[in-house]
Each structure stands twice: as C-alpha cells, then as structure tokens.
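Notes follow once the structure below has been shown.
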Amino acid sequence: MSPAPHERPLPACASRWDNAPNLSDYTTTYVQFKWSQAQQMLLQGADTEAPYHLNIAHLIVDRHAAGPLREQLALRWLGPDGQTRDYSYAQLSALSNRFANVLQDLDLGPNPTVFSLTGRVPELYIAALGTLKAGGVFCPLYAAFGPEPIRTRMVAGKATVLLTTTALYRKKIAPIRASLPTLKAVLLVDAPDSPNADDTNYNLQHLLTAAAEHFVIPPTTTEQPALLHFTSGTTGQPKGAVHVHEAVVAHYMSARWVLDLRPGDVYWCTADPGWVTGTSYGIIAPLAVGATLICDAQEFHPERWYRILQEQRVTVWYTAPTAIRMLMSHGAQTAAQFDFSQLRLTASVGEPLNPDAVNWGRTTFGTPFHDTWWQTETGSIMIANFPALAIKPGAMGKPLPGIEVALVQRQEDGSVDILDTTEAQGELALRTGWPSMFRAYLNEPARYQQCFAHGWYLSGDLARRDADGYYWFVGRADDVIKSAGHLIGPFEVESTLLAHPAVAEAAVIGKPDAVAGELVLAFVTLKAGYAATDSLRRELLGFARKRLGPAVAPRSIEFSGPLPKTRSGKILRRLLKARELGLPEGDLSTLETSEPDSDNAPK
C-alpha cells in the first residue's frame, strides 16, 4: 500500500528570502478581487468539461496526479519508532480511487456519510479523499472522544461508515454499536482479519487491495455537501456545521495568501484531524496548492517538534497558541539546538495569540507568528496577518480579499447597527456569500438562521478596529466583563499577565459583584521554578495594575494547575466561570483530558 521509507525525496523549495509573497499588494487586491477569479485560478489544469471538475478531491489530488506534480511527494507520515510512509500525488489519487470503489462495492446507497475515529494515520487522508470522490460527506472525530460524544455525533450525522482501529472499536464503538442504527460498515485500518462475528466489520487493507484503481467521480456541484464538522456551544448539543464542495475555493486562496503556500513547499499543520483546521488546512488547502504535507502521528513533545522542523526542512508551519506557549515554557536553550533556516513562515490559529508569543517566534525561528482568525462556521481563514503587511503583535490582522467585515451592535428587533467610526468596538460580522461559509447546522434550521441578520453572519466574537484597519480580538460576546461601567476584554488582561516571566497560562472571567456588576478574576498557571505564594500574587496584581490601570486590571488572582482547554487548544473560560459560580458546565465533549489516549495509532 505504501512505498518503502524515505523512498521519495522532499521537494526542493526556495529559501525564505528568494521570492516575494504570493499576495504582495494587499490594498489593490482587496479592492479588485472577485471570488470568480479564484475559482478560475484553482481550475487551471482541471478537466473543466468533466461533470465532476468541481469535486474537492479531483481538484486537490487528481488534478496534480495528471500533471507535472504527479510524482511529487504529497504526504509524508511520521510514525512511532522512526516509521515513515511516503505517498506521491499519483499514489494518493490511486488509493483514494480504491477507497471510493470500496464504498461503492459495499452498496451503501448514494452520498454515504463517512466518520473517522483514528488519530493521525495515512488511512484517514485516503478515506477523506475517497469519500469526497464517491459523493459522500466526510466527518472526522477526535480519537480521544468517549463513547457518548461519539454516539451523539454519529446519530446526528446519520453515520453510514466508520473508519477506526481495532483498539478504538473495542473500547469506544462496541459499547454503543446497538444505538447506531444507520451504521452499515466499520472499516478497520489495522485488522489482520475481521475480528468479530458481525459481518459489517471489514479489514480495510483487504478491501483496498481488492478494489479497482480506476474510479469515475460522479457529477458534483458546488453546493453539494462535502464536510461535516461538529462544534460545541456553551449550551445544548454540539452543532454540526455543513460545508460544501465550493469551500475548496476559499481554502485554496487563503493557503496562497495567508500561509503563502506554493507548489513544493514542505508544510506542517499540527492540528488534529478531528478539528476543522486539521481538515481545512491539514488536508485540503495545502494539497490544493501542490505542497508536501508532513503528518506526525505522535503527541506534542518539544524536542520532537523541533527535530521535525529541522529534519523535514519544513518551510511553512501552522500551529496553535497553546503549543507555542508550551514551547516557550521549555526555554530558549532547547530551541537553540536546532536549525530552522528553511522555515519561511509560521502561523497560528485557534485563539488569539498574545504579543509575547508573536515576538518569540521572530527571535526563535527568524519569522514572527502570523495570527489568523476564523471559525468552524466560516470554514476558512477570514482575517489574518499577511506576509507582506506589517504585523501588529496581538492583532487579528486584516480581512482577506473577498471578505467584507463590519463591527455591529445587535438590536432587540433582530436588526443590526453597523459601527463605522474609527476605533469602533462591536460584534464581528461578515457579509455572507464567501465560498466556505457553512450552509447549515445539521437538523437545526432555526439555530442556523439565528446566526444571520440582513445579509451579515454574526460571529459572536467582539472585536475593535484601529485607525489602520487592523482588527483586535476583545472576547466572545458572553465572555466580556462589565465592571463599573467598563467593558473589559479577557484577552487584553490575559496578554498582560502572560508578559510576566512567571506566568505560563492565564484566563480571565467576570465574577458577580453587588457594587461593580462584575470584578475581574484571573486564573494563572505558573512556569516551572515559580512557587504560588502570596508574595507572587501581590506582584502579579501590581504588574497588571501598572500596565492596565485599576479599572481593567484583575482584582484577584487564583493560582491553578493546567487550565481547561478543548483538544484544539482553546481555553474554556465558560467552564472556569461555571465551576467558580457553581453553574451548569454545559457540553464538555471536546474538553482536553489530562490522560493521553494511547489508542490513536494502529497497533
């Protein structure tokens, strides 16, 4: 199924200084750009007469397999104990054809919904591409989910097929199998033979070997559902955001403009495939451009990550603020042992990146981290710090060409007022119509409609805009603290605390107060070597008060262990607040657990 380790060389790629950014004139492009232009750029080299030419998998893999990138390395998987598997674009095309034929041969009916529960393994990429070719909908799940979150999502998504490992099946699927009425087939990536009497469990390797290598993609429209991503809210069940094949247009352009990707780049996105970033920018966007993907099967370890950047000669790296702060906490000495001279661009996603982390990237890697903003619902990057523009550490950046952004204030009648003054602050809204905008919340039309007002998508995030047109994250609308007439954004307070040498992590909430309405309460995790003393607490309070002023600085600080986060790295302020006030904790299915899941990789 795969070539011998290290069979294919990494592609030669220009150094960080050899070429101007793909988007070198932001202002002109923003004024003139139309999404129809992007689609024409993406379709170059595609068979535009074929009824399937708009299919995501055709555009990101088959198009390259039929052209000059046919033998280029598309995916390098780094497994445990030094294992490596390499796949060219031609091989990914052929294997995804085989997977599409597997789905067809199983006689599952039209448009199957394929869920994955595997961790980072090559079969996940093959399954995602093959599902899209077959006209199905692909939905990745976190391998660390427990049985109940898995059941909730698979029932809501009417799962037809599940891709998983033998260990994960026995531990998490077998106990709930009877409650999954639409599940027709389980494809095991590592089974020597069908392990159960149940004849709906299959050995994927056997099926792929027996399947034909040629597959004709059925007609595909831009509005045909392609991807399903679940995102947790503060209340209620997880929301299933539906994305369509047209989304690839936005993935492609944002990969070029924000991540500055080009054919031959060696690209590493550290996001788990169970998170939308792991699909949008861990599979689709880089393959659309013709880059080489690095996929690491193992969990975070600072020296391993640095070694991957060096040995795989990574040129573009997309990671999360939590990971960046964890690297920072290990000190400069660890990073100094490695060579990052090939690294051209580093970027961050998941939550706002504090200014110290942006500048640390410049010192450590020779390039600052370029923060990006988007959501599961937007499907692709909406606001970013672009390579050709000056970075303002702590800012979200500017909107992509084709994305119209406004700051608005919701009214009681459901309308919105646009705030067009300089230094305005309000809810971040996007003019509808970009290609990767989600088309529905699965089975919840009313919940979907509540996200829109008069042609605007309402993000639920508060931001401010400065005189230069940069946007700055303030907080989620339900996270903003109202204290004695002041509106206080948690991110500003957290960034200030993170600037203190003792602080590894910080999260801020509002605590009810009879006089002020709310008081700022900070939770702080300390770096190794610092003790949680009253003296340090007073020092941190004074440090924040001096920089923020008495109206904004925290009134109290609690020292904490690791802060609660989602597995995508977002700190769950709402959970801290619920625990502090004794309120319902809401959906915790995406909460990162302290116990690593050892079943992510095939045995």
Side-chain angles (χ1 to χ4, degrees), residues 113-121 123-125 127-128 131 137-183 185-190 201 227-242 270-280 282-283 297-300 320 322 350 376 441-443 562 564-572 574-575 585-603:
T113 303
V114 178
F115 281 66
S116 68
L117 185 74
T118 62
R120 294 181 288 271
V121 295
E123 290 81 3
L124 180 142
Y125 295 78
T131 299
V137 175
F138 183 70
C139 180
L141 298 176
Y142 288 114
F145 274 156
E148 184 55 30
I150 294 169
R151 188 199 65 80
T152 298
R153 288 159 174 78
M154 292 183 68
V155 168
K158 298 181 179 178
T160 313
V161 177
L162 175 66
L163 179 83
T164 190
T165 68
T166 304
L168 286 170
Y169 178 84
R170 290 171 177 163
K171 182 178 180 181
K172 301 184 178 185
I173 303 302
I176 61 170
R177 182 66 183 268
S179 64
L180 303 173
T182 62
L183 186 61
V186 174
L187 307 180
L188 298 164
V189 304
D190 59 345
N201 285 12
L227 302 166
L228 175 62
H229 292 292
F230 284 91
T231 180
S232 295
T234 54
T235 60
Q237 294 294 327
K239 301 169 287 187
V242 178
T270 63
D272 188 284
W275 182 29
V276 63
T277 300
T279 302
S280 295
I283 303 176
Q298 299 197 69
E299 298 304 317
F300 172 86
T322 299
T376 301
Y441 279 139
L442 194 67
N443 308 321
K565 306 178 196 66
T566 66
R567 292 190 64 83
S568 61
K570 294 181 182 179
I571 293 174
L572 286 170
R574 67 169 176 84
L575 182 55
E585 295 185 353
D587 176 27
L588 301 181
S589 59
T590 61
L591 181 66
E592 181 183 52
T593 58
S594 57
E595 231 175 88
D597 193 312
S598 59
D599 297 327
N600 285 2
K603 304 292 184 278

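None of these values were measured; they are calculated from a predicted model.
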Let me confirm one number: the [atom1]-[atom2] distance from [X] to [Y], rounded to the nearest 0.5 Å.
X    : Y    : atom1 : atom2 : answer
Y142 : R153 : OH    : CZ    : 9.0 Å
C139 : L227 : SG    : CG    : 9.0 Å
T113 : F138 : OG1   : CZ    : 11.5 Å
T164 : R170 : OG1   : CZ    : 11.5 Å

Minimum heavy-atom separation for [X] to [Y], with atom names?
X    : Y    : value
A297 : R120 : CB-O, 3.6 Å
L162 : L183 : N-CD1, 3.7 Å
L117 : A143 : CD1-CA, 3.8 Å
A127 : L163 : CB-CD2, 3.7 Å
T279 : P140 : OG1-CG, 3.5 Å
L168 : T165 : N-OG1, 3.1 Å

Note to self: Between T322 and K565, does the side-chain contact (heavy atoms from CB on, under 4.5 Å) criterion hold? Intermediate values first, please.
What the structure shows: CA-CA 9 Å; T322 299; K565 306 178 196 66; 3.7 Å; yes

Give a yes or no on whether the backbone of [Y] and the side-chain of [X] come within a donor-acceptor separation of less than 3.5 Å.
X    : Y    : answer
S179 : I176 : yes
K171 : P147 : no
K158 : T182 : no

Are any non-hydrogen side-chain atoms of [X] and [Y] less than 4.5 angstrom apart?
X    : Y    : result
Y169 : R177 : yes
T160 : M154 : no
F115 : V161 : no
R151 : L180 : yes
I283 : L124 : yes

Check: Strictly by modelled atom types, are T166 and D190 linked by a side-chain donor-acceptor pair under 3.5 Å?
Finding: yes

Item checked: Listed partners of T152 passing side chain to side chain donor-acceptor pair (under 3.5 Å), at least two apart ->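 For T152 the side chain to side chain donor-acceptor pair (under 3.5 Å) partners, ignoring immediate neighbours, are E148.
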
